[in-house]
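Encoded as structure tokens, the structure appears first; notes follow it.
Just so you know, these numbers use all the heavy atoms, side chains as well, and skip hydrogens, waters and symmetry mates. Chain A is the first sequence line, chain B the second, and so forth, proteins listed ahead of strands; every chain is numbered from 1.
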Protein chains: 2
Amino acid sequence: MESSSEPSWDFYRTFLAVLQHGSLSAAARDLGLTQPTVGRHIDALEKAVGAELFTRSQQGLLPTDAALALKPYAETLASTAAALLRAASGSKDKVSGTVRVSASEVIGTEVLPAILAELQAKYPDLIIELSASDAVEDVLQREADIAVRMVAPAQEALLARHIGTITLGLFAHRSYIERHGKPESLEALRRHKLIGFDRQTAYIRMMQKRYPMLDGISFSFRSDHSIALHNALRAGIGIGFYQIPLARRDANLVRLLPEIELSLDTWIVMHENLKTSPRCRVTFDALVAGLLDYIKGNNAKELP
Amino acid sequence: MESSSEPSWDFYRTFLAVLQHGSLSAAARDLGLTQPTVGRHIDALEKAVGAELFTRSQQGLLPTDAALALKPYAETLASTAAALLRAASGSKDKVSGTVRVSASEVIGTEVLPAILAELQAKYPDLIIELSASDAVEDVLQREADIAVRMVAPAQEALLARHIGTITLGLFAHRSYIERHGKPESLEALRRHKLIGFDRQTAYIRMMQKRYPMLDGISFSFRSDHSIALHNALRAGIGIGFYQIPLARRDANLVRLLPEIELSLDTWIVMHENLKTSPRCRVTFDALVAGLLDYIKGNNAKELP
DNA sequence: ACGATTCCATACATTTATGTATATCATCTG
DNA sequence: CAGATGATATACATAAATGTATGGAATCGT
């Protein structure tokens, strides 16, 4: 009797899986269902909304415009459902359950593990999900419970804590300096191997704004993957921006042209509703303390 | 095989219905299911999240703290699912389908019907859902597609259009003046029958800020229902604030103490993603035009 | 060119979820 | 205090959704 009334919400989940995986079969595998079931869900949903969602073809389905228009809604449903389960996973006043933390690749891979490991040791029942990605996950939409952000949060209903400013400078590995020498001026940079971002990111925009004379500079190594850039720099491939607190950990990294610096304003953001949840509260506090330490350079602790 | 994996999303819908209606039976009626089914959904969800959600008692269930913590998530799911259906209801380039408009009680009942009726006449396939309530519905969370707001929208991802300022003045019905005379000063107001809000609303806060001498004034007629206040004023019960553009429609309403006025900044807000949707686009535009007219006083048209 | 793989569609069997009917208890009402 | 009402829980029958097995058609790789 669903026909005239609202369709099953499970259809939305199936719909999203098909959209994400591009085929009924792949979606079925992901969902733990079978391909005929997934096909039936899509059929039923198409009938319910009165529009064709996919043009059936072998080797995969092609989403229609209607389907693409519905995708963001289905994604919100999925992230909300996931957040609900996370919220349910913790008991009322014990620190337990899952908390999902989102941060940039660099912070997430280089800085947070040490902080979160310590937290995990203190609360063994706490399960931490770390999403290290430069794609922003939305805290309002509950894609993450807590996020480390480099932009000031403009939205309401968010609990935000300003940590301070992470400063970036130009660095190179000692081995690079030995081979190519130190650039002593901004102009001299043009004759060096530079490591930079592939896409137009916040870094690049900020750099062009503050140092317009560098506009049109050419990078000899690019990647849209921050860690790849870091590793390239540490391997002596060239000169690039590096977080100063992070550089303190590696004595082989040499600061160049110290008059050049970029700063990243750092915030920790959490949905207001979560402030009563113990597991989110302690994680939030641990992140605040840990990142403050990191910025101030008191970050002796590293991962073994 | 749902047991170890994610629970059915339908359980969330059932869960929310039980929360809202307070009993399995009432929820079942609302959902078009039966009471045993609803009970089984709750059982299954409790097992899935590993927490008791309701303390079973005859004459109704009592939600546990865990259930209350999950409620906002379930509500988001419900409004998102509803928004998805609305988005699906319109074809790609025809103006059809459902659009949900939210506005304050006064605007929603006195001003919008005329505007929306005209729009409806122009696009017969457009179905308009009007929520007239002073409780703010969240446009970001898709509780409404378009909202008329009296506060500047701070959030990102919103398409906002500033309409202008609606001015409120003190008014009374002619019959009241004939019986009680005109107050000629602010002080004289204290000897009159005043009509005002029950709760601490934006109006009251604004009034106390601009006219502190009125602090502690006592109302002889209060209600938290704006329309009841309007009707009371029009019935000659007393003096109260009334939107000036609205008062132009009723020759029997007399402006008092014209030096006193409050202003409401008015915005029309829509989620950015909806700007490509024809039905939302035309509704947005019609609201903008209609409310601009209203503010400027060119609102000759009224409902028959 | 040909087998392997992957895809969707369909027919049939089975499991699962739902509805019906009924029992039991509490509360409200006259 | 008795009867009506409305609540949950359980047993059983039924309807519905899912899984299994299979066929046909396209693509990929050797």
Whole-Å distance, B:D10 CG to C:dT16 C1', equals 14 Å
(request) Look at the side chain of B:E143 and the backbone N and O of B:S79, then say whether any donor-acceptor pair between them is shorter than 3.5 Å. (result) no
**Asked** Can a side chain N or O of A:S25 be found less than 4.0 Å away from OP1 or OP2 on C:dC8?
**Response** yes
- prompt: Any side-chain N or O of B:T37 less than 4.0 Å from the OP1 or OP2 oxygen of C:dA17?
  reply: no
Atom CZ of A:R40 and atom P of C:dA17 are separated, to the nearest Å, by 15 Å
Rounded to whole Å, the CZ-P distance (A:F54 to C:dC7) equals 15 Å
Here the distance between atom P of D:dT8 and atom NE2 of B:H21, to the nearest Å, is 13 Å
Check your understanding: Got a donor-acceptor contact below 3.5 angstrom from the A:T64 side chain to the A:E52 backbone?
Key -> yes
Residue-phosphate contact under 4.0 Å: A:H41 side-chain N/O, D:dA17 OP1/OP2: no
Between CG of A:L33 and P of C:dC8 the distance, given in whole Å, is 14 Å
From CG of A:L45 across to P of D:dA17 the rounded distance in Å is 14 Å
Taken to the nearest whole Å, CG/A:L31 to P/D:dA17 is 17 Å
Taken to the nearest whole Å, CD1/B:I42 to P/C:dA17 is 15 Å
query = Given C:dT6, is OP1 or OP2 found less than 4.0 Å from the side-chain N or O atoms of A:R29?
reply = no
Give a yes or no on whether a donor-acceptor pair under 3.5 Å exists between the nucleobase atoms of C:dA9, that is its base, and the side chain of A:Q35.
yes
Test item: B:R279 side-chain N/O and B:R86 main-chain N/O as donor-acceptor pair under 3.5 Å = yes
- Item | Any donor-acceptor N/O pair, A:S89 side chain to A:T98 backbone, under 3.5 Å | yes
